[in-house]
Amino acid sequence: MKSHGRLTIRASAQPRDLMAEPQVMGAWTANIVTLFPEAFPGVLGLSLTGRALAEGLWNLRTIPLREHGIGRHRNVDDTPAGGGAGMVIRPDVMAAALDQADSGLPVIYLSPRGTPFTQARARVLAHGPGMTLICGRFEGVDQRVLDARRIEEISVGDYVLTGGELAAQVLIDATVRLIPRVLGNQASLAEESFSEGLLEHPQFTKPAEWEGRAIPDVLLSGNHAAIASWRADQAERLTKERRPDLWRAYVERMDPTKDRQLSGASDQSRDHRET
């Protein structure tokens, strides 16, 4: 039986067993500092990411924060300095957990005040050796440990979750799928949303007509050049309508005149409809 470089092999049908050490040497690794290690692998143990985990294409390791708690009750938090509601994770407890990770991987704290997570950031992380993710709880983590360890803060959106576990799974899923051999068809990465700075074009499949709605004729024409042109036009249209911020960045990078051209075309189309 081939080991794929695994230090040991053991048969198991349990997803969490995939995270038990020893793991695959040299594989991309996600270390998770969390109060709830039982939350992992979660959806990461399913479908393509789960299969890739089983095949040793990446490693997942949880570091239970409670094990580094203080005193008989393993306390991990205390009241905010200066007063206020909630609790704050202690710096000494978090530092001890990070020392256990001690993998040389970039450390990221999932935080609503962090830099927005993007596809470009996922690509950078996918090309590295992995990452250590801090899943916050309560009112967050003591700022001193974030500063002392130069921890990057990343946000998955302008909203607040009860903890960082779901956000961590988002980061891992978005990154792991970019690792070679994880997806069955790597070519699909070239045509999805954000691959060229645009949203993805609409997708269709059989039946050719459903509830009176037909697949656009061009997609059934067999004319690959026309199909590519239609998809590019749709991607531009959707991006401009739904994500003007992405559209502006795309225009500045690709062709500063295109935005004016499309704006003029839209105005002409509107004028035509109004007459």
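Here, residue 1 is the first one in the sequence, and each next residue gets the next number.
Considering only heavy atoms from C-beta on, Thr175 comes within 4.5 Å of Met131 through its side chain. Between Ile32 and Pro37 there is no side-chain heavy-atom pair separated by less than 4.5 Å. No side-chain heavy atom of Ile172 sits less than 4.5 Å from a side-chain heavy atom of Gln169. Annotation: side chain of Thr118 is not in contact with side chain of Arg123 (no heavy-atom distance under 4.5 Å). Side-chain atoms of Asn31 and Leu133, non-hydrogen and from C-beta on, never get closer than 4.5 Å to each other. Trp58 is not listed as a side-chain neighbour of Val24, based on a closest heavy-atom distance of 4.5 Å or more.
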Q: Before giving the answer on side-chain contact (heavy atoms from CB on, under 4.5 Å), spell out for His68 and Arg90 the whole-Å C-alpha distance, their side-chain angles and the decisive distance to 0.1 Å.
A: CA-CA 10 Å; His68 301 280; Arg90 296 172 53 123; over 6 Å; no

Q. Between Asn59 and Trp28, is a side-chain contact (heavy atoms from CB on, under 4.5 Å) present by the stated rule, with each step listed?
A. CA-CA 6 Å; Asn59 296 323; Trp28 190 94; over 6 Å; no

Q.
For Glu241 and Arg237: C-alpha separation, side-chain torsions, deciding distance, then whether salt bridge (Lys or Arg N to Asp or Glu O under 4.0 Å) applies.
A. CA-CA 6 Å; Glu241 289 177 357; Arg237 178 184 63 80; 3.3 Å; yes

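In plain terms, the two heavy atoms of Pro91 and Arg144 that are nearest each other are CG-NH2, 3.7 Å. Pairing each heavy atom of Pro64 with each of Thr62, the nearest pair is CD-O, 3.6 Å. Taking all atoms of both residues into account, the shortest heavy-atom contact from Ala122 to Ala174 is CB-O, 3.9 Å. Of all heavy-atom pairs between Arg61 and Ala101, the closest is NH1-O, 3.6 Å. Shown here for Gly86 and Pro80, the closest heavy-atom pair between the two residues is O-CD, 3.2 Å. Between Pro41 and Leu53, the shortest heavy-atom contact is CB-CD2, 4.5 Å.
Between Arg149 and Asp99 there is a salt bridge, with a side-chain nitrogen of the basic residue lying less than 4.0 Å from a carboxylate oxygen of the acidic one. In summary, Arg231 and Glu200 do not engage in a salt bridge, as defined by a charged side-chain N under 4.0 Å from a carboxylate O. A salt bridge does not link Glu196 to Arg253: none of the charged nitrogens lies less than 4.0 Å from a carboxylate oxygen. Checked for salt-bridge contact, Arg113 and Glu153 meet the test: a charged N lies under 4.0 Å from a carboxylate O. Using a 4.0 Å cut-off between charged nitrogen and carboxylate oxygen, Arg248 and Glu252 do not count as a salt-bridge pair.
Surrounding CG of Asp147 are more than 12 heavy atoms belonging to other residues, nucleotides or ligands, all under 6.0 Å away. Residue Asp217 qualifies as open at atom CG: its count of foreign heavy atoms under 6.0 Å is 12 or below.
A distance-only check finds a donor-acceptor pair linking the side chain of Thr239 to the backbone of Leu199 [under 3.5 Å]. Put simply, the side chain of Ser229 never gets that close to the backbone of Ala225: no donor and acceptor are under 3.5 Å apart. In this structure a side-chain-to-backbone donor-acceptor pair under 3.5 Å is missing from Trp247 to Leu238. The closest donor-acceptor contact from the side chain of Arg66 to the backbone of Arg74 lies under 3.5 Å. No donor-acceptor distance shorter than 3.5 angstrom exists from the side chain of Asn75 to the backbone of Asp77, with no hydrogens or angles considered.
Rounded to the nearest 0.5 Å, atoms CG (Leu183) and CG (Leu178) are 7.5 Å apart.
Hydrophobic cluster membership of Leu219, counting Ile, Leu, Val, Met, Phe, Trp and Tyr whose side-chain heavy atoms lie under 4.5 Å apart directly or via other members: Phe204, Ile215, Val218, Leu220, Ile227, Trp230. Through direct or indirect side-chain contacts shorter than 4.5 Å among Ile, Leu, Val, Met, Phe, Trp and Tyr, Val33 is connected to Leu35, Phe36, Ile63, Leu65, Ile70, Val76, Met87, Ile89, Val93, Met94, Leu98, Val107, Tyr109, Ile134, Phe138, Val141, Val145, Leu146, Ile151.
By the rule that hydrophobic residues join a cluster once side-chain heavy atoms approach within less than 4.5 Å of another member, Phe117 and Leu105 end up as members of separate clusters. By the rule that hydrophobic residues join a cluster once side-chain heavy atoms approach within less than 4.5 Å of another member, Val88 and Leu110 end up as members of separate clusters. Transitive grouping of hydrophobic side chains (ILVMFWY, heavy atoms separated by less than 4.5 Å) keeps Val160 and Ile154 in distinct clusters.
Listed by chain and residue number, Leu44, Thr49, Arg177 satisfy the side chain to side chain contact (heavy atoms under 4.5 Å, CB included) test with Asp173 (two or more places apart in sequence, or in another chain).
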